[in-house]
Amino acid sequence: MYTQSFSVPDDEGKTARPTAASRPASEREAALQAQFDARIDADGRIEPRDWMPEAYRKTLVRQISQHAHSEIVGMLPEGNWISRAPSLKRKAILIAKVQDEGGHGLYLYSAAETLGTSREDMLEALHSGRAKYSSIFNYPALNWADMGVIGWLVDGAAIMNQIPLCRCSYGPYARAMVRVCKEESFHQRQGYEALLVMMKGTQAQRDMVQDAVNRWWWKCLAMFGPPDADSPHSAQGMRWGIKRISNDELRQKFVDATVPQAQVLGVTLPDPDLKWNEARGHYDYGAIDWDEFWQTVNGHGPMNKERLATRVKAHDDGAWVREAALAHADKQQQRARKAA
Ligand code: BYC
């Protein structure tokens with residue numbers, strides 16, 4: 001759906017270029033920096049063994065690890081509904097989707113590891129509450145319609161944000177995102193299809209869908225991050241070709257793509273200010289509650305504590321699996337050594 005209507009040139013956002021934060025210390029470093037800048041300017045890829053400025057490395061570790069954590073914590077609201085899915089078909093689809101999200105988290109942790117950070121450190125940051133993950137997963141999933149709406153709107157927003165990351169300047173992240181986006185596209189479609197079925201059902205089912213849309217719509221708009229003017233990382237992220245399209249532009253694309261889908265579905269998006277603006281060629285929309293967003297991002301959303309506690313428990317409960325896997329790998333190595 002979104003993937004097919006996406007075409008924005010790479011050079012957007014590169015016009016206002018921030019200058020380098022600090023002067024390179026040595027001539028050698030200056031040459032390496034110049035080489036790096038030239039490759040970024042030519043839209044080339046940076047690979048793990050290439051020289052890169054420390055700030056570029058740090059930004060990538062921050063963004064990729066936050067993204068990985070989002071996938072892993074993102075398994076929880078839907079994981080809760082696997083045992084309550086209304087049919088075998090819906091259960092099988094939901095299990096596959098949650099598994100895919102676990103897989104995305106693992107690709108992304110691996111991509112971050114290529115930058116010299118360890119998985120233990122990243123997990124420790126998540127489990128201690130130091131690391132961020134997407135705000136959207138700190139809201140409750142209250143009924144079955146939420147599963148459809150998470151697929152349609154949450155995965156829909158995620159795809160909108162992630163398609164441009166397939167062209168990210170860091171090779172391992174960009175390559176991981178290609179597969180992630182293909183799977184997210186399936187996630188979005190299965191959510192939309194589940195909602196179409198509910199909307200053809202009883203009035204009670206239609207009411208459930210509308211109620212879920214009312215609760216998730218504004219949270220999904222906030223997923224794209226703060227407005228460009230308040231986004232501390234955007235200018236540099238775009239200069240480095242990590243981000244390709246700004247938070248506000250992606251949000252607008254999401255609104256424009258979603259309004260016709262809501263019409264087909266037969267639901268109302270809960271925004272009295274939502275209307276087509278002929279002059280802009282886009283939908284206008286109302287004000288997002290950024291105070292609420294920051295409360296949630298900073299650990300005070302309705303589900304932050306519960307999500308983190310569930311995640312830590314899952315990690316602790318899985319300790320024996322990690323130990324068994326290590327013991328097995330050790331045995332295999334010993335056997336191979338003896339045989340050699
Ligand atoms: N939630 O300067 P900004 C999914 C933070 S999950 C929490 O704009 P940046 C899925 C931001 O981190 C989708 N925090 O930052 C899984 C920064 O904080 P720090 C996850 C947010 O990095 C299961 C500060 O606000 N997708 O697909 O340039 C089921 C300032 O922001 C949020 C990704 O992670 C937020 N919504 O841009 C279903 C995509 N927004 O680090 C679906 C990869 C902002 O200074 N990430 N913050 O403490 C990105 O594209 C970018 O990192 C963002 C933010 C657009 C999210």
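All ligand and atom numbering here is 1-based and tracks the order in the structure. Numbering starts at 1 and runs along the sequence shown.
Of all atoms in ligand 1, listed by their number and element, those nearer than 4.0 Å to a heavy atom of Trp294 are 24 (C), 25 (O). Heavy-atom contacts of Gly225 reach the following atoms of ligand 1: 40 (N), 44 (C) (cutoff under 4.0 Å). Contact atoms of ligand 1 toward Asn247: 8 (O), 55 (C) (distance under 4.0 Å to a heavy atom of the residue). With ligand atoms numbered from 1 in the order given, ligand 1 contributes 55 (C) to contacts under 4.0 Å with heavy atoms of Phe224.
A salt bridge does not link Lys97 with Asp100: every distance from a Lys NZ or Arg NE/NH1/NH2 to an Asp or Glu carboxylate oxygen is 4.0 Å or more. Ion pair Arg39/Asp50 flagged as a salt bridge, since at least one NZ, NE, NH1 or NH2 atom sits closer than 4.0 Å to an Asp/Glu carboxylate oxygen. Residues Asp211 and Arg206 are not paired through a salt bridge, judged by the lack of any N-O separation under 4.0 Å between the basic side chain and the carboxylate. Ionic pairing of Arg179 and Glu183 is present here: one or more N-O contacts between side-chain nitrogen and carboxylate oxygen are shorter than 4.0 angstrom.
Checking only distances, Leu165 never comes within under 3.5 Å of ligand 1, N or O to N or O. Of the polar atoms of Glu78, none of the N or O atoms is found under 3.5 Å from an N or O of ligand 1, judged by distance alone. Residue contacts with ligand 1: Ser231 is placed with a nitrogen or oxygen under 3.5 Å of a nitrogen or oxygen of the ligand (distance criterion only).
For atom 41 (O) of ligand 1, the nearest protein heavy atom (residue, atom name, distance) is Gln66 NE2, 2.8 Å. Looking only at protein heavy atoms, the nearest one to atom 47 (N) of ligand 1 is Phe293 CZ, 4.3 Å. Regarding atom 13 (C) of ligand 1, its nearest protein heavy-atom neighbour is Gln162 NE2, 3.8 Å. If you check which protein heavy atom lies closest to atom 10 (C) of ligand 1, you get Phe137 CZ, 3.6 Å. Annotation: atom 7 (C) of ligand 1 to nearest protein heavy atom, Tyr133 O, 3.3 Å. For atom 50 (O) of ligand 1, the nearest protein heavy atom (residue, atom name, distance) is Asn161 ND2, 3.0 Å. Among protein heavy atoms, the minimum distance from atom 38 (C) of ligand 1 is reached at Asp155 OD1, 3.3 Å. When hydrogens are left out, the protein atom nearest atom 1 (N) of ligand 1 is Ser135 N, 2.8 Å; that is the closest non-hydrogen contact.
When Met223, Arg251, Gln63 are ranked by how near their heavy atoms come to atom 46 (N) of ligand 1, first place goes to Gln63. Closest heavy-atom approach to atom 30 (C) of ligand 1 among the candidates Ser246, Pro227, Pro232: Pro232. When the heavy atoms of Lys132, Arg130, Glu101 are ranked by distance to atom 29 (C) of ligand 1, first place goes to Glu101. Of the candidates His187, Lys243, His233, the one placing a heavy atom closest to atom 37 (O) of ligand 1 is Lys243.
In this structure, Met75 has no heavy atom closer than 4.0 Å to ligand 1. The closest approach between any non-hydrogen atom of Gly237 and ligand 1 is not below 4.0 Å.
For the ring-ring contact (aromatic ring centres under 6.0 Å, His included) with Trp240, the qualifying choice from Tyr170, Tyr56, Tyr173 is Tyr56, the only one to do so.
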Pair Arg175-Glu47, salt bridge (charged side-chain N to carboxylate O under 4.0 Å, His left out): steps then yes or no: CA-CA 11 Å; Arg175 288 189 287 275; Glu47 296 296 337; 2.8 Å; yes
Stepwise salt bridge (charged side-chain N to carboxylate O under 4.0 Å, His left out) check, Asp330 with Arg335: CA-CA 9 Å; Asp330 195 41; Arg335 261 190 220 144; over 6 Å; no
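Within a 4.0 Å radius of atom 23 (C) of ligand 1, the protein has at least one heavy atom.
Proximity of a side-chain donor or acceptor of Asp256 to a complementary backbone N or O of Tyr283 within less than 3.5 Å is detected. Judged by distance alone, the side chain of Asn161 and the main-chain N or O of Phe224 form no donor-acceptor pair under 3.5 Å. Remark: side-chain polar atoms of Asn214 are not paired, donor with acceptor, to backbone N or O of Pro270 under 3.5 angstrom.
Below 30°, between 30° and 60°, or above 60°: for Tyr192 and Trp152 the angle between ring planes is between 30° and 60°, a tilted geometry. Taking the six-membered ring where tryptophan is involved, the planes of Trp290 and Phe293 are perpendicular, since the angle between them exceeds 60° and thus also 30°.
Between Tyr133 and His67, the ring centre distance reaches or exceeds 6.0 Å.
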